[in-house]
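Reviewing the structure listed below.
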Amino acid sequence: MEKPKFVYVTHINTTPEKLWEALTNPEFTQQYWGGRRVQSDWTVGASIKHTKADGAVELRGEVLEADRPRRLSYTFLTAAGDKVPDEAATRVTFEISVAFGVTKLTIVHDGFAPESKLLGEITNGWQAILSSLKTLLETGAPLPFTFPKC
Amino acid sequence: MNNPQKFVYVTIIATTPEKLWEALTNPEFTAQYFFGTRVESDWKVGSKFIFRRPNVITDEGTVLRAEPPRLLSYTFQHLWDEEMRKEAPSRVTFEIKSLEEKSGKLSGPAVRLTVTHEDFPPESKVFPAISNGWPSILSGLKTLLETGKPLPLHLHLEE
């Protein structure tokens, strides 16, 4: 039986370097990630946090791999008391490659418990975040929607 | 025994449901983001549709549901690859939802497109092929609708 995980592939008209920057620079992330600033020094073992627009820390994690601009992986631990279900740490991995002359981003979010409630939440979240990331990199502006509770 | 494998892909696109419907059903649009493939049908329930590349019909099927601009569903039979063309048909469904209806606080139009491809036979060879193909096709669709230009994919397709 395969373990529950989220996998998503999107092709973006940008360079791997610009995509890496968009994933790791809080000035970029707050534009497409529902106002979240994703902050870390992006060295292996360094801490990472997602801060909401109101300053509350939503997620914490630790950088597992950082091979700029090809591969980034970190643990993903929801903050107790936040809206997202409080579960054991999971793991998110971004793989960046070039396919047919266009930058390809593969996101794998795994490590979920068998009956995880978090998986459904992050599935909805990633679909919106990654749609807006692509739009931001291709048009210079994020998608025109507002995330709930931001 | 049915194959539980199911491909589901969701993408949010800054466009209207009507424009997205047009992009899914009009060959002048599909040729721009679907590896040069023209989709041809009158989009009536029970009608046939085909995917046509310059010298080959790659896939065909029958329209199951067509409710513009919200829902489109068809059976899907691959025809090009010798092995895959022997497989029983699967089923593709496009669901289009306007995000304005949901949140009511958008600065511009946006729609949520859900593509579900299912009903594969056991040990399907089509399933891994479409799982690889849909993300690049749907990425190209989003880019075309948002920027007016297709993704500059450099493909070397047999014709």
Side-chain angles (χ1 to χ4, degrees), chain A residues 1-2 4-15 18-19 31-35 53 94-109 119-150, chain B residues 3-16 20 32-36 95 97-116 128 130-157:
Chain A
M1 183 73 191
E2 209 173 315
K5 67 179 174 183
F6 172 79
V7 180
Y8 195 90
V9 175
T10 180
H11 300 255
I12 306 177
N13 192 11
T14 189
T15 63
K18 284 180 186 162
L19 178 52
Q31 294 180 66
Y32 68 85
W33 206 313
F94 301 88
E95 283 180 315
I96 300 170
S97 61
V98 176
F100 307 116
V102 170
T103 299
K104 176 182 178 182
L105 172 63
T106 304
I107 300 93
V108 178
H109 195 154
L119 180 58
E121 297 264 338
I122 67 95
T123 296
N124 285 330
W126 280 126
Q127 288 161 347
I129 291 162
L130 297 167
S131 292
S132 195
L133 166 64
K134 175 172 160 73
T135 301
L136 176 62
L137 285 167
E138 294 185 352
T139 71
L143 278 173
F145 59 73
T146 316
F147 283 71
K149 301 171 201 134
C150 297
Chain B
N3 185 340
Q5 285 178 314
K6 182 195 267 199
F7 175 82
V8 181
Y9 194 92
V10 173
T11 180
I12 297 168
I13 306 176
T15 190
T16 63
L20 178 51
Q32 294 180 68
Y33 67 84
F34 204 146
F35 312 141
E95 288 173 280
K97 278 198 180 122
S98 170
L99 285 185
E100 279 163 302
E101 291 168 14
K102 222 173 140 188
S103 71
K105 52 177 181 181
L106 297 180
S107 56
V111 297
R112 178 185 167 96
L113 171 65
T114 305
V115 180
T116 306
I130 65 92
S131 298
N132 198 35
W134 279 123
S136 56
I137 293 163
L138 297 169
S139 293
L141 166 65
K142 176 172 159 71
T143 299
L144 178 64
L145 283 167
E146 293 184 350
T147 71
K149 292 178 197 155
L151 271 179
L153 290 165
H154 301 296
L155 297 171
H156 304 282
L157 294 167

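Here the structure is a predicted model, which is why all the values come from computation and not from measurement. Both backbone and side-chain heavy atoms feed into the values below; hydrogens, waters and symmetry mates do not. Naming convention: chains lettered A, B, ... in sequence-line order (proteins, then strands); numbering from 1 in each chain.
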Item to check | Gap between atom CD1 of Ile12(B) and atom NZ of Lys134(A) - 0.5 Å precision | outcome: 13.5 Å
Checklist entry - How many angstroms lie between atom CG of Asn13(A) and atom NZ of Lys149(B), to the nearest 0.5 angstrom? => result 9.0 Å
Checklist entry - Hey, what do you get for CD (Glu146(B)) to OG1 (Thr135(A)), rounding to the nearest 0.5 Å? => result 3.5 Å
Checklist entry - Checking Ile13(B) against chain A: side chain, backbone, both or neither under 4.5 Å from a heavy atom? => result backbone
Next on the checklist: For Ser139(B) versus His11(A), what's the shortest heavy-atom pair and its separation?
Outcome noted: OG-N, 2.9 Å
Next on the checklist: Distance alone, cut at 3.5 Å: any donor-acceptor contact between the side chains of Thr143(B) and Glu138(A)?
Outcome noted: yes
Checklist entry - So, does Tyr9(B) use its side chain to make a donor-acceptor pair with the main chain of Val9(A) at under 3.5 Å? => result yes
Next on the checklist: So for Ile12(A), is it side chain, backbone, both, or neither that comes closer than 4.5 Å to the heavy atoms of chain B?
Outcome noted: backbone
Checklist entry - Quick one: which of Thr114(B), Val10(B), Thr11(B) gives a side-chain contact (heavy atoms from CB on, under 4.5 Å) with Gln127(A)? => result Val10(B)
Item to check | Atom pair NZ/CG of Lys142(B) and Leu143(A) - distance to nearest 0.5 Å | outcome: 4.0 Å
